[in-house]
Amino acid sequence: MARLAVNVDHVATVRQARGGDEPDPVLAAGLAELAGAEGIICHLREDRRHINERDLRILRQTVKTRLNMEMAAVDEIVEIALDVKPDLVTLVPEKRQELTTEGGLDVRAQSGHYRDVVERLKGAGIQVSLFIDPDPDQIQAAHQCGADIVEIHTGHYSESHSEPKAVEQFGRIVKAVESATKLDLGISAGHGLNYVNVKRFKDLSHIEEYSIGHSIVAMAVLIGFEQAVRKMIDLVKNF
Ligand code: PXP
C-alpha cells in the first residue's frame with residue numbers, strides 16, 4: 001500500500017504573501033500527520049521564498065513520521081542538510097525564475113557532482129532520493145550515483161490536456177517504474193498530482209510514496225472556507 005507524504009511549502013507560500021506568521025507550515029505538518037500522512041516534505045529553496053530555516057529546524061523536531069527535505073545540490077544547502085539531518089533528502093533542480101520545480105535533474109550530465117553530494121549526505125545517515133523525469137537513462141544514472149530512491153516527475157503527465165497525451169505520458173511513467181524496479185531502487189512519484197489524475201496510478205504498485213502539496217492546499221482552502229467564515233460570523237455577531 002502506497003504512502004502519502006504531504007508537501008507543506010504551499011502553506012508557507014500563503015504565509016509569505018503577508019510576510020507574517022500565519023498559516024504556519026509546522027502546524028499544517030502536524031495536522032497532516034494526524035490525518036494519516038506518512039511523511040512531511042519541505043523545500044528549502046536558495047531564495048527562501050516559502051520554507052525558511054526556522055520552519056525546517058522546527059519540523060525536524062516535531063515531525064513524527066519522516067521528514068523529507070527537498071533541496072538543490074548546492075554547497076550552502078547541503079551544509080544545512082548535514083546539520084539538520086532530515087530523514088531523507090530529495091535533490092531537485094532549482095531555477096530562480098521558476099514558479100515551481102519544472103523538470104527532473106539531469107543526473108547523466110552531472111553524474112560526478114551528484115555522486116559526490118549523494119555520498120556526503122548518505123555518509124551523514126541521510127537517505128537520498130533524486131527527482132528525475134521518467135527516463136530510463138536518468139534512472140540508470142541515479143542508480144550509478146548511489147541514490148536510494150528515485151522520485152519520478154509526474155508533471156508532464158499532470159499537465160497533459162488531452163487523454164492521448166495523458167496516456168502517452170503515463171506510459172513513460174510505467175516504463176520508468178519498471179526500470180527502477182529492476183535496479184531495486186525505492187520509487188516515489190510527484191508533481192502536479194491531484195484528486196483526479198492520481199487515480200490512474202492505482203495499479204502501479206511499485207510506487208511506494210506519493211509526494212503531493214498544491215492540490216491538497218487548494219482543496220483545504222475550498223473545503224475549509226465555509227467553516228472559517230462561520231467561525232468569524234460567530235465572533236462578530238457576538239460582540
Ligand atoms: N515533488 C517535487 C520534487 C516537487 O518539487 C514538488 C513541488 O514542490 C512536489 C513533488 C509536489 O508537487 P505539487 O505541489 O504539485 O503536489
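Each residue takes its place number in the sequence, starting with 1. Both counts, for ligands and for their atoms, begin at 1 and track the order of listing. Just the heavy atoms: all of them, side chains too, but no hydrogens, waters or symmetry mates, feed the values below. Everything numeric here is computed off the predicted structure, so don't read it as measured data.
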Look at atom NE2 of His113 and say whether more than 12 heavy atoms of other residues, nucleotides or ligands are closer to it than 6.0 Å.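 Counting other residues, nucleotides and ligands, NE2 of His113 exceeds 12 neighbours.
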
Close N or O approach (Gly213, ligand 1; < 3.5 Å):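 Between Gly213 and ligand 1 (N or O atoms, distance only) the closest approach is under 3.5 Å.
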
Can an N or O of Gly192 be found at a distance shorter than 3.5 Å from an N or O of ligand 1?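 Yes, Gly192 has an N/O under 3.5 Å of an N/O on ligand 1.
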
Taking [Y]'s backbone N and O only, do any of them form a donor-acceptor pair with [X]'s side chain (distance below 3.5 Å, no angle check)?
{"X": "Gln138", "Y": "Asp106", "value": "no"}
{"X": "Asp87", "Y": "Arg66", "value": "no"}
{"X": "Thr90", "Y": "Ser129", "value": "no"}

When you look at Arg230 and Gln227, which way does the side-chain hydrogen bond (donor to acceptor under 3.5 Å, both in side chains) test go after all the steps? CA-CA 5 Å; Arg230 282 186 200 288; Gln227 201 191 343; over 6 Å; no

If you measure from atom 4 (C) of ligand 1 to every heavy atom of His10, Glu70, Arg45, which option wins on shortest distance?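 Nearest option to atom 4 (C) of ligand 1, by heavy atoms: Glu70.
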
Which of these, Ser158, Ser211, Ser188, Gly155, has its nearest heavy atom closest to atom 9 (C) of ligand 1?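 Selected option, by shortest heavy-atom distance: Ser211.
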
Relative to each other, are the rings of Phe170 and Tyr157 parallel, tilted or perpendicular (30° and 60° limits)?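 The rings of Phe170 and Tyr157 sit tilted, inter-plane angle from 30° to 60°.
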
With under 30° as parallel and over 60° as perpendicular, where do the rings of His191 and Phe131 fit, or are they tilted in between?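 Tilted, since the angle between the ring planes falls between 30° and 60°.
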
Please verify whether a non-hydrogen atom of Ser215 lies at under 4.0 Å from ligand 1.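 Outside the 4.0 Å threshold, so no.
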
Sub-4.0 Å heavy-atom approach of Val92 to ligand 1: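 The answer is yes, since Val92 has a heavy atom less than 4.0 Å from ligand 1.
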
Does ligand 1 have a heavy atom under 4.0 Å from the side chain of Glu151, from its backbone, from both, or from neither?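 For Glu151, only side-chain atoms sit under 4.0 Å from ligand 1.
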
Side chain, backbone, both or neither: which part of His43 has a heavy atom under 4.0 Å from ligand 1?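 Answer for His43: neither.
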
Which ligand 1 atoms are under 4.0 Å away from a heavy-atom of Asn7?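 Near Asn7, the atoms of ligand 1 are 8 (O).
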
